[in-house]
Protein chains: 2
Amino acid sequence: METRELTYFVAVAEELHFGRAAERLGITQPPLSRAIGQLERRLGATLFERTSRQVTLTEAGAVLLQEGRAALDAVVAAERRVRRTAQALTGRPSVVLASKAGASAELLAKLLHAYDAEPGAAAVEVLLCGPGQQEGLLRDGRADVALLHRPFDSIAGFDTEELVTEGQVLVLPAGHPLSTRTSVTLAEVESLADLPQPRWPRRDGSYPDGPGPEVRDLTQLRQLVALGRTCTVLPESVRADLGETLVCVPVSDAVQVTTVIAWPPHSRSKAVAGLVRAATAG
Amino acid sequence: METRELTYFVAVAEELHFGRAAERLGITQPPLSRAIGQLERRLGATLFERTSRQVTLTEAGAVLLQEGRAALDAVVAAERRVRRTAQALTGRPSVVLASKAGASAELLAKLLHAYDAEPGAAAVEVLLCGPGQQEGLLRDGRADVALLHRPFDSIAGFDTEELVTEGQVLVLPAGHPLSTRTSVTLAEVESLADLPQPRWPRRDGSYPDGPGPEVRDLTQLRQLVALGRTCTVLPESVRADLGETLVCVPVSDAVQVTTVIAWPPHSRSKAVAGLVRAATAG
DNA sequence: GCATATCGATGCCTGCGCGGTATCGATCGG
DNA sequence: CCGATCGATACCGCGCAGGCATCGATATGC
């Protein structure tokens with residue numbers, strides 16, 4: 001199976017429409033139809049059920065979508081990492097570390113400081129991204145190592161080391177009735193009709209339904225909390241960079257959040273190893 | 001990057017010889033040279049340092065070998081798993097479970113029994129293989145789920161659930177001086193000049209140097225122990241199928257061995273989920 | 001109910017690129 | 001210095017990917 005065929009298949013499987021998929025791929029529809037047909041013949045499996053009005057995935061197709069995405073990610077990751085190591089030879093080597101913007105800020109600072117002190121430390125490019133994106137960055141080679149937060153981020157398929165575990169706090173606008181409490185429960189948080197929970201984007205970028213505001217990052221979120229439009233439950237460490245207008249109250253029954261450092265399981269990179277060492281030593 | 005190019009690259013990287021690599025690939029040397037050259041140009045990286053007498057990997061080449069193998073495995077795994085799910089639709093679905101021949105026999109039997117009792121259980125094909133091979137089987141899709149033994153097998157990149165943890169015992173021919181002891185230490189085992197430790201094959205099939213006999217599986221090993229040519233340290237559960245001629249003595253300071261059930265992190269398969277459930281429930 | 005639009009499949013053609021043969025050029029051994 | 005080894009290059013032919021035109025099926029509008 002060639003990566004070209006896989007790319008074509010994934011495009012059709014995602015669009016469920018040959019014409020749009022072809023457009024996305026920058027080719028015309030006929031060769032795409034033929035490529036998929038040929039792939040099906042070679043695999044001995046029907047991947048799509050198609051009428052002239054509708055295209056649906058078969059079970060075999062669903063399997064190929066899942067596995068094929070992983071395979072394609074692995075291929076482009078290989079490509080990117082080779083490019084980067086080649087560049088590294090003509091300059092100071094560098095690693096890309098992905099972290100959620102705003103999360104684990106203090107930990108990240110300490111980590112970078114500790115690693116920089118190591119002899120032969122590489123330049124660390126920090127890639128701050130939205131929640132749920134680090135996984136993809138790590139999988140397709142745009143990042144070499146990432147800070148993830150269990151149980152929110154999936155660590156499936158990566159090697160990890162635990163760094164810190166912390167409880168969660170409710171972040172409220174100052175002056176809210178609950179802001180003087182010493183502790184609240186999740187049930188109380190969810191029943192706050194005046195401060196509906198914010199809605200985060202799914203993998204595909206769409207938002208679930210609900211009354212709360214749509215948010216993409218912590219800066220937005222902080223602003224919306226300060227404006228009294230929402231409240232949110234976050235790991236304790238956010239306390240560090242909250243201003244005067246926001247208040248934290250521990251949530252007694254929220255799950256513990258563990259920050260882990262994660263990397264692709266076969267990483268050969270000395271820089272990644274050094275970062276992991278610096279992280280776990282600190 | 002096309003999988004064909006990756007396959008070519010891996011062949012050359014493994015052989016470090018264009019002629020032999022071409023032969024292995026079933027093509028002639030010139031197109032192979034061109035394919036590699038083109039790949040290097042497209043990646044903007046030199047992958048091999050070649051004189052007319054010697055080919056060596058560059059650092060970028062080493063990275064591509066590592067990542068490229070993983071990527072190729074992912075591609076062929078996708079292919080195999082699609083083929084298998086398509087077959088499964090025209091008959092009873094089946095899962096392939098890989099386990100080291102001879103290891104965890106009792107656990108495996110219990111697991112299969114428990115799973116068979118589930119409603120809608122798939123047929124389980126058991127693939128008994130040599131030590132260190134399960135990882136590859138799972139990675140390239142020949143197996144869907146495997147029983148691994150930490151810390152011997154690498155679980156990097158898989159999802160796992162721990163099943164049992166056990167100590168290790170020294171397996172000796174009956175009548176050996178140490179066979180009457182209630183416990184021994186690793187130091188004692190290693191100093192047994194009359195019974196040198198057996199040598200297991202590496203990934204590539206070659207054997208390390210040393211005085212002990214070369215072994216490929218537990219049956220061979222058991223026979224060699226019985227013949228008084230070697231001794232070995234194995235998890236306790238081997239006691240179950242040792243005959244009269246072999247004796248076990250607990251090793252006080254050997255690492256604990258954990259048997260885990262492992263599967264590719266994105267597995268969609270109900271059968272795999274069922275097996276994992278049966279394993280952890282038992 | 002007929003005309004029309006939509007959409008995937010098919011037939012046909014062209015050009016690129018993969019693979020083969022022949023050969024060159026560099027390096028090492030005798 | 002000659003020959004053997006091995007990767008690179010030149011040249012050629014064929015297969016296949018991709019484009020255009022069109023077909024057949026199905027849902028939609030008047």
Side-chain angles (χ1 to χ4, degrees), chain A residues 1-62 64-65 68 71-72 75-76 79 86, chain B residues 1-62 64-65 68 71-72 75 79:
Chain A
M1 209 170 25
E2 289 303 312
T3 62
R4 184 183 49 81
E5 302 177 282
L6 253 184
T7 311
Y8 286 7
F9 167 78
V10 170
V12 176
E14 283 177 358
E15 300 283 347
L16 289 177
H17 188 290
F18 281 75
R20 279 196 298 276
E23 191 181 357
R24 193 173 113 184
L25 293 166
I27 63 173
T28 55
Q29 172 259 322
L32 181 56
S33 282
R34 260 180 297 139
I36 300 292
Q38 185 172 321
L39 183 60
E40 288 179 315
R41 249 175 291 125
R42 278 213 286 253
L43 291 176
T46 307
L47 300 171
F48 298 104
E49 224 53 83
R50 52 267 228 193
T51 70
S52 68
R53 302 304 291 179
Q54 183 163 328
V55 176
T56 54
L57 269 179
T58 62
E59 194 178 322
L64 186 57
L65 180 56
L72 278 180
V75 172
V76 308
E79 196 166 334
Chain B
M1 210 168 27
E2 289 303 310
T3 60
R4 184 183 49 82
E5 302 178 284
L6 254 183
T7 312
Y8 286 7
F9 167 78
V10 170
V12 177
E14 284 177 358
E15 300 283 347
L16 289 177
H17 189 290
F18 280 73
R20 278 197 299 275
E23 190 180 357
R24 194 172 110 183
L25 292 166
I27 63 173
T28 55
Q29 173 260 321
L32 182 57
S33 282
R34 258 182 298 136
I36 300 292
Q38 183 172 321
L39 183 60
E40 288 179 314
R41 250 174 291 124
R42 279 213 286 251
L43 290 175
T46 308
L47 300 172
F48 298 104
E49 225 52 86
R50 53 267 229 194
T51 70
S52 68
R53 303 303 291 178
Q54 183 163 327
V55 176
T56 54
L57 269 180
T58 63
E59 195 177 323
L64 186 57
L65 180 56
L72 278 181
V75 172
E79 197 165 334

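All heavy atoms count here, side chains included; hydrogens, waters and symmetry mates do not. Numbers restart at 1 for each chain; the letters A, B, ... are given by sequence-line order, proteins then strands.
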Would you please classify the geometry between the A/F48 ring and the A/F9 ring as parallel, tilted or perpendicular, with 30° and 60° separating the classes?
tilted

Is the base of D/dG7 touched by the side chain of B/R53 through a donor-acceptor pair closer than 3.5 angstrom?
no

Taking A/E49 for the side chain and A/T58 for the main chain, is one N or O donor matched with an acceptor at less than 3.5 Å?
no

Can you measure A/L39 atom CG to C/dG8 atom P for me and round it to whole angstrom units?
17 Å

Side-chain donor/acceptor contact of B/R4 with base of C/dG19 under 3.5 Å
no

Phosphate OP1/OP2 of C/dC28 contacted by B/Q54 side-chain N/O (<4.0 Å)
no

A quick test of your reading: do over 12 heavy atoms of other residues, nucleotides or ligands sit less than 6.0 Å from CD of A/E23?
no

Select base, sugar-phosphate, or nothing to describe what A/Y8 touches, counting heavy atoms under 4.0 Å on all strands.
sugar-phosphate

Which comes earlier along DNA chain D counting from the 5' end, the contact point of A/Q29 or that of B/R20, where each point is its nearest nucleotide?
B/R20

Round to a whole Å and report the spacing from CD of A/E23 to C1' of D/dG18.
16 Å

Looking only at side-chain atoms of B/R34, point me to the closest of C/dG8, D/dA21, C/dG19.
C/dG19

Interatomic distance, B/L47 CG vs D/dA8 P [rounded to whole Å]:
12 Å

Pair B/T3-A/E2, side-chain donor/acceptor within less than 3.5 Å
yes

Verify the contact: side-chain N or O of A/S33 to OP1 or OP2 of C/dA9, cut-off strictly under 4.0 Å; return yes or no.
yes

Expressed in angstrom and rounded to an integer, what is the separation of A/F18 atom CZ from D/dA25 atom P?
18 Å

Least distance between heavy atoms, A/A13 atom then A/L57 atom:
CB-CD2, 4.1 Å

Return the value, rounded to whole Å, for the distance between atom CZ of A/F9 and atom P of C/dG8.
15 Å

Distance check needed: C/dA9 P versus A/I27 CD1, whole Å only.
13 Å

D/dA8 C1' sits how many Å from B/F48 CZ, rounded?
15 Å

So B/E5, base contact, sugar-phosphate only, or nothing? Heavy-atom distance under 4.0 Å.
nothing

Between D/dG18 atom P and A/E2 atom CD, what is the distance in whole Å?
12 Å

Looking only at side-chain N and O atoms, does B/R50 come under 4.0 Å of OP1 or OP2 in D/dA8?
yes

Can you find a side chain N or O atom of B/T28 that sits less than 4.0 Å from OP1 or OP2 on C/dG20?
yes

